[in-house]
Amino acid sequence: MPKGRIYEEALEILADAGVPVPDDLTKETRKLILTAPEAQLAFFLAKPMDVATYVEYGVADLGIVGKDVLLEESRNVYELLDLQISPCRVSVAGLPDKKTVNGRIATKYPSIAEKYFRSIGEQVEVVKLNGSIELAPLIGLADRIVDIVSTGQTLRENGLIELETITTVTSRLIANRASYQLKYKRINQFYDQLKQHIERRGSRDEDRQSE
Ligand code: PRP
């Protein structure tokens with residue numbers, strides 16, 4: 001399970017799909033492992049950027065992770081399902097009317113940023129940061145940033161504007177490759193449960209829109 005921003009929505013989709021979620025998961029807790037013994041499930045709470053690492057190494061069979069992380073890290077895992085939660089985008093942003101000063105791009109996503117600027121034939125220097133990326137152009141570390149935009153509040157409150165959308169992002173269900181073979185029945189049951197829930201929710205949304 002990814003801690004932070006995606007957490008609430010990830011928990012909600014599991015609970016709504018009928019996955020037995022331990023009570024502790026819905027409370028404020030500093031515990032990192034929570035179990036639902038009756039369902040033989042253990043939940044590990046990791047930083048969103050680390051979820052795919054735990055799954056790739058097989059210490060977690062399944063994970064919920066943003067597509068941004070998968071694009072950035074190219075982990076050797078199966079991407080099973082688009083959970084269609086936590087929609088956002090990876091964008092280039094900067095100060096309005098700001099000319100290129102140092103050619104630097106600050107980001108938590110160096111690989112996505114490098115690939116993007118290479119694809120448009122622009123030479124930049126990518127500077128890796130770990131958070132509060134919006135600070136960088138404000139105090140001159142970089143001309144622009146590549147970062148997640150969700151509501152746009154962080155950009156707005158810091159006087160920045162979105163310049164280009166690189167890609168849209170939702171959360172995905174991923175599986176360890178060996179676990180997927182060895183625990184196929186269990187994982188597939190879990191997959192079906194979530195998939196059916198997403199489809200039901202999708203058709204409910206369509207009905208609502210046509211009303
Ligand atoms: C993310 C992202 C932006 C912000 C975007 O940061 O890096 O800063 O959310 O969301 P908004 O468009 O709804 O304002 P996060 O809060 O995950 O923390 P971080 O800055 O420490 O990376």
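For ligands, and for the atoms within them, numbers begin at 1 and follow the listed sequence. The residues of the chain are indexed from 1 along the displayed sequence.
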Check the pair Glu79, Lys67 against salt bridge (Lys or Arg N to Asp or Glu O under 4.0 Å), reporting the backbone distance first and the verdict last. CA-CA 9 Å; Glu79 186 182 323; Lys67 182 71 180 174; 2.9 Å; yes

Residue pair Asp143, Arg104: steps toward the salt bridge (Lys or Arg N to Asp or Glu O under 4.0 Å) verdict: CA-CA 6 Å; Asp143 294 332; Arg104 290 198 290 259; over 6 Å; no

Intermediate values then yes/no, salt bridge (Lys or Arg N to Asp or Glu O under 4.0 Å), Lys128 and Glu114: CA-CA 11 Å; Lys128 165 85 170 34; Glu114 264 156 29; over 6 Å; no

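Salt-bridge formation is not detected for the pair Lys108/Glu72: no Lys NZ or Arg NE/NH1/NH2 atom is positioned less than 4.0 Å from an Asp or Glu carboxylate oxygen.
Looking at atom 4 (C) of ligand 1, its nearest protein heavy atom turns out to be Thr154 OG1, 3.6 Å. For atom 3 (C) of ligand 1, the nearest protein heavy atom (residue, atom name, distance) is Glu134 OE2, 3.2 Å. For atom 5 (C) of ligand 1, the nearest non-hydrogen atom of the protein is Ile148 O, 3.3 Å. Among all non-hydrogen protein atoms, the one lying nearest atom 7 (O) of ligand 1 is Asp147 OD2, 2.7 Å. In this structure, atom 19 (P) of ligand 1 lies nearest to the protein heavy atom Ser132 N, 3.7 Å. Looking at atom 16 (O) of ligand 1, its nearest protein heavy atom turns out to be Arg5 NH2, 2.9 Å. If you check which protein heavy atom lies closest to atom 22 (O) of ligand 1, you get Lys108 NZ, 2.4 Å.
Counting only residues at least two apart or on different chains, no ring-ring contact (aromatic ring centres under 6.0 Å, His included) pair has a member in residues 101-134.
Of the N and O atoms on the side chains of Ser91 and Glu162, at least one donor lies less than 3.5 Å from an acceptor on the other residue. No side-chain donor-acceptor contact under 3.5 Å links Thr154 and Arg156.
Residue contacts with ligand 1 for Thr151 involve both N, CA, C or O and side-chain atoms from C-beta outward (heavy atoms, distance under 4.0 Å).
In terms of N/O distances under 3.5 Å, ligand 1 is approached by Gly152.
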